[in-house]
Amino acid sequence: MKIGVLALQGAFAEHIIMLSKLGVETAEVRLHAQLDDLDGLIIPGGESTTMGKLMVDFDLLEPIREFGLGHAIWGTCAGAILLSKDAHREQPLLHLMNITVERNAFGRQVDSFEADLNVEAFGIDNPFHAVFIRAPIIETISGDTKALVTLADGKIVAAQEGHLLATSFHPELTGDTRFHEYFLTLAKK
Ligand code: GLN
């Protein structure tokens, strides 16, 4: 099992640390040839417009899109935006998941916050402590996409479509490896 982390910009080092904790072989991805021997790819948080433009400049946008047709990809925060089919702005996107997102959806007053989330896949009574930083919400899902995590007010903050996973928050910033372990189950399929 080898998982790549897109390393153009943003919080890629933290994902590498989490994966290493789980004993997984990792690679920082900057060239499309580095996708060849991967079982899955993580697109980290950062700034989605910048990361998208860098993906274009590094000739990675189309190769990652093709990779995602047959392999697991997990986008956290800016990465979730890049997986979406629409973010209501002019910016390069992968258009891989049937989700639309609203960027910076929690407004300036609460641009960062933490919350304990109930994740059905992890069982009740075992909340996942999540960090949101200028986070998007997943405003619509369609097709085969399912909502994995919903806030009390109904906002969707994690979604899955087959082997593709999107989270609004940053599981790489807490010590809790459960989302990384969940992603590995998608990469194994
Ligand atoms: N606000 C950023 C964007 O819209 C995402 C923030 C993050 O990845 N923590 O691209």
Side-chain angles (χ1 to χ4, degrees), residues 3-19 26 28-30 40-58 60-62 64-65 68 72-117 119 128-141 145 147-151 153 155-161 164-180 182-183:
I3 303 292
V5 183
L6 185 66
L8 299 177
Q9 193 259 339
F12 55 88
E14 291 82 352
H15 277 294
I16 299 265
I17 291 168
M18 291 295 266
L19 292 167
T26 59
E28 293 185 3
V29 173
R30 296 185 184 86
L41 178 73
I42 295 178
I43 305 178
E47 211 289 320
S48 61
T49 305
T50 307
M51 212 184 303
K53 285 181 180 163
L54 289 170
M55 285 161 80
V56 172
D57 291 348
F58 281 70
L60 274 166
L61 195 71
E62 190 52 30
I64 290 177
R65 208 188 67 76
I73 301 185
W74 174 20
T76 55
C77 204
I81 296 167
L82 287 159
L83 282 174
S84 76
K85 62 178 183 186
D86 192 1
H88 308 296
R89 304 203 194 175
E90 278 295 317
Q91 66 180 103
L93 297 175
L94 292 161
H95 302 282
L96 276 168
M97 283 183 80
N98 281 304
I99 59 174
T100 67
V101 297
E102 184 189 342
R103 290 178 58 182
N104 304 321
F106 295 94
R108 295 175 72 180
Q109 296 304 318
V110 281
D111 71 23
S112 298
F113 64 100
E114 302 187 14
D116 285 326
L117 306 178
V119 185
F128 188 91
H129 189 72
V131 179
F132 293 81
I133 303 167
R134 295 175 55 76
I137 57 163
I138 298 166
E139 62 179 356
T140 66
I141 59 175
T145 312
L148 274 191
V149 184
T150 306
L151 300 181
D153 61 5
K155 289 189 176 104
I156 300 170
V157 291
Q160 182 184 341
E161 183 172 348
L164 303 171
L165 179 65
T167 58
S168 299
F169 47 92
H170 288 267
E172 77 285 9
L173 296 183
T174 57
D176 193 333
T177 54
R178 283 178 291 167
F179 260 100
H180 288 79
Y182 187 73
F183 178 63

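One-based numbering along the sequence shown. Order of listing sets the numbers, starting from 1, for every ligand and every atom in it.
The aromatic rings of Phe128 and Phe169 sit tilted, their planes meeting at an angle between 30° and 60°. Below 30°, between 30° and 60°, or above 60°: for Phe113 and Phe106 the angle between ring planes is above 60°, a perpendicular geometry.
Using a 4.0 Å cut-off between heavy atoms, Thr76 makes no contact with ligand 1 at all. Of all the heavy atoms of Arg103, the ones lying under 4.0 Å from any atom of ligand 1 belong exclusively to the side chain. In Ile81, the part holding a heavy atom less than 4.0 Å from any atom of ligand 1 is the side chain.
Contact annotation: His170 has at least one heavy atom less than 4.0 Å from an atom of ligand 1.
Asp57 pairs by the salt bridge (Lys or Arg N to Asp or Glu O under 4.0 Å) definition with nothing, not counting sequence neighbours.
Taking CD1 of Ile138 as the start and OG1 of Thr167 as the end, the distance is 7.5 Å to the nearest 0.5 Å.
Residue pairs meeting the salt bridge (charged side-chain N to carboxylate O under 4.0 Å, His left out) criterion with at least one member in residues 91-104, sequence neighbours excluded, are Glu47-Arg103.
Residue-ligand proximity, Cys77 to ligand 1, at heavy-atom distances under 4.0 Å covers atoms 5 (C), 6 (C), 7 (C), 8 (O), 9 (N). Atoms of ligand 1 found under 4.0 Å from any heavy atom of Gly45, numbered from 1 in the order shown, are 8 (O). The distance from ligand 1 to the heavy atoms of Ser48 drops below 4.0 Å at these ligand atoms: 3 (C), 4 (O), 10 (O).
A pairwise comparison of heavy atoms in Ile141 and Thr145 identifies CD1-O, 3.7 Å as the closest pair. Leu93 and Ala87 make their closest contact through CD1-N, 3.8 Å (heavy atoms, listed as atom of the first residue, atom of the second, distance).
The closest protein non-hydrogen atom to atom 1 (N) of ligand 1 is Asn104 OD1, 2.7 Å.
When Ala78, Ala135, Pro136, Gly46 are ranked by how near their heavy atoms come to atom 2 (C) of ligand 1, first place goes to Gly46.
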